Amino acid sequence: MSSKDFFVQPAPLLAPALIGKTLVRVQNGERVAGIITETEAYQGQEDLACHARVGRTRRTEVMFGEPGRAYIYFTYGMHWLLNIVADQAGSPAAVLIRAIFPLEGLAIMEQNRPIAGKRSQWLNGPAKLTQAFGLNGSLNGHDLRNTNSELFLEDGISVPGELLEVGPRVGLGKTPEPWLSMPWRWVLNFEHAIEKTEKGTI
DNA sequence: CGGCCGATTATCT
DNA sequence: GATAATCGGCCGG
């Protein structure tokens, strides 16, 4: 990530690499931040679950562009979802950020969105985290490598790959196989990770 | 718990 | 005109 080419890799490689990174949002000079704990990969026009399957449109344009940009789109008539553009320009790919563990700016998050229950559940959904971070289409195309901006990535914690849980992407509806079952979802579940570590599984 | 269902609108065909 | 990379509420067990 600190490396210039971190984002220049296919989404199925970038997605697990993003687990553990810190997403930082600056609102009114205040930091709102947390650790990315769940991602999904959407790779290329051949991936029939990827928006770019239909080629270049106003919406997918960002995905065809520079890696390291934010691809933020609107869905279900009410939700904004955040993705990070992957792979080289010209090759449409993106990683959906599905969950974040909140660390900084908790009061601002609460202002942006009512929070309840366990802290690990506050931002465990792609639309929940955009609300809490105050994100919408206005930052679509934003360069996430600019650490002097209102939205960017920072090095977070180092997560051994063995602690990640892998499975098929969710919410794809009638997407045909093999794309429907492609194991392109990565999750870091702290509870499970701790268990594994204590059992000496790793 | 788990499953079903309605909300609500930008974007695409 | 149809669809949607979701969420929260409501229902039954």
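Just so you know, these numbers come straight off a predicted model, no measurement behind them. Hydrogens, waters and symmetry mates play no part in the numbers below; they use all other heavy atoms, side chains included. Chain letters run A, B, ... following the sequence lines, proteins first, then strands; residues in each count from 1.
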### Query
Near DNA chain B, under 4.0 Å by heavy atom, which residues of residues 88-104 of chain A?
none

Using a cutoff of under 3.5 Å, can you pull out all pairs of nitrogen or oxygen atoms linking the protein to nucleotides 8-10 of chain C, with atom names and distances?
unit_1: C/dG8; atom_1: OP1; unit_2: A/Arg113; atom_2: NH2; d: 2.2

#### Entry: Spacing between A/Ile115 atom CD1 and C/dC7 atom P, to the nearest angstrom
16 Å

### Query
Looking at DNA chain B, which of residues 37-56 of chain A put a heavy atom within less than 4.0 Å of it?
A/Val54

#### Entry: Student check: side-chain heavy atoms of A/Leu23 and A/Leu151 closer than 4.5 Å
yes

### Message
Expressed as a whole number of angstroms, how long is the span from A/Leu129:CG to C/dA5:C1'?
### Response
12 Å

### Residues within residues 77-86 of chain A bordering DNA chain B, heavy-atom distance below 4.0 Å
A/Gly77, A/Met78

### salt bridge (charged side-chain N to carboxylate O under 4.0 Å, His left out) contacts touching residues 101-120 of chain A (sequence neighbours left out)
A/Arg31-A/Glu104

### Query
In whole angstroms, how far is the P atom of C/dA2 from the CZ atom of A/Arg59?
18 Å

### Side-chain N or O of A/Lys174 closer than 4.0 Å to phosphate OP1/OP2 of C/dT3
no

#### Entry: Partner residues of A/Asn136 under the side-chain hydrogen bond (donor to acceptor under 3.5 Å, both in side chains) criterion, sequence neighbours left out
A/Ser138

### Summary
For A/Arg69, the salt bridge (charged side-chain N to carboxylate O under 4.0 Å, His left out) test, sequence neighbours excluded, returns none

### Query
Cluster partners of A/Val54, using ILVMFWY side-chain heavy atoms under 4.5 angstrom, listed by chain and number?
none

### Residues clustered with A/Tyr42, ILVMFWY side-chain links under 4.5 angstrom
A/Val62, A/Met63, A/Tyr71, A/Tyr73, A/Leu81, A/Val85, A/Leu96, A/Leu172, A/Leu180

### Message
Checking A/Asp5 now: which residues fulfil side chain to side chain contact (heavy atoms under 4.5 Å, CB included) with it, not counting sequence neighbours?
### Response
A/Ser3, A/Val8

### Task
On DNA chain B, reading 5' to 3', which nucleotide is the first and which the last to sit with an atom under 4.0 Å from a heavy atom of chain A, could you check?
B/dA7 to B/dT13

### Length of the CH2-P vector between A/Trp122 and C/dC7, whole Å
17 Å

### Query
Within the side chain of A/Ser91, is there an N or O that forms a donor-acceptor pair under 3.5 Å with the backbone of A/Gln88?
no

### Task
Keeping to residues at least two apart or across chains, list the salt bridge (charged side-chain N to carboxylate O under 4.0 Å, His left out) pairs with something in residues 54-67 of chain A.
A/Arg56-A/Glu61

### Query
In this structure, which one of A/Arg25, A/Gln131, A/Gln27 forms a side-chain hydrogen bond (donor to acceptor under 3.5 Å, both in side chains) with A/Asn112?
A/Gln27

